[in-house]
Amino acid sequence: MKIVKVPQLIQYLFPSIIWKGKTDEKILHLTFDDSPTPEFTFWILNLLEKLNIKATFFCVGESTEKYPKIILSILDKGHQIGNHTYSHKNGFLSSTKSYLHNIERCKKILPNTTLFRPPFGKIYPWQISKIKENYKIVMWDIVSYDFHKNITEEKVKSNVLNNVENGSIIVFHDNKKSKKILKLCLEEILQNLIKKGYRFKTI
Ligand SMILES: [Zn+2]
């Protein structure tokens, strides 16, 4: 299995990116990528409401245009929203100009956020230096691998529960690929973290 925890060295090499909150308290940051998804976002919102957790949703501009009401529900429940490009663009396959243009296009639809997360976590240093002029770039230190084709719910659970630390930023996905596995295990993961004394805050 791939690395669940982002190595310290990578975090050190890219200090202008937020990988993890700095805190001695038992605080975690829950994040969802690829929102909004008509068949899944509301399920997540209901669960978070039940557990009284606030999270950050990194939204794709194109889907936001199609489902603006879902975005309004996310905001209405007190969650935070971030820019995840207009068309879920891969930074490694894009010129800086077209990448920045794609982020701007998303900004036209989601103007009130200063948070940005690159799709696939793929972004070049020269793209970072431009984007950070206008955004806080938020990555993660804990990858659940909820999107992985052959992952089991046990593995998603242990990826998160065995690796979180104070301040961890955890990434899950609000998309079709992750829906099935998360419906089976997300509640148990979150209940477990609450039992361990963790609280959740937005970024
Ligand atoms: Zn994504």
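Counting from 1, the numbers follow the sequence of the chain as shown. Note that the structure is a prediction, hence the values are computed from the model and not measured. Counting starts at 1 for both ligands and their atoms, following the listed order.
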**Report entry** Same apolar cluster: L184 and F172, side chain cutoff 4.5 Å
**Finding:** no
Report task. Taking S144 for its side chain and D146 for its backbone only, find out whether a donor-acceptor pair lies under 3.5 Å. Result -> yes
Query raised in the report: Would you say W140 and R117 make side-chain contact, with heavy atoms under 4.5 Å?
Result: yes
Query raised in the report: What's the atom name of the N, O or S in D34 nearest to the Zn ion (ligand 1)?
Result: OD1
Query raised in the report: Of the backbone and side-chain N, O or S atoms of D33, does one lie nearer to the Zn ion (ligand 1) than 2.8 Å?
Result: no
**Report entry** K26 to Y198, cation-pi by 6.0 Å centre distance and 45° axis angle
**Finding:** yes
Query raised in the report: Do any N/O/S atoms of H173 come under 2.8 Å of the Zn ion (ligand 1)?
Result: no
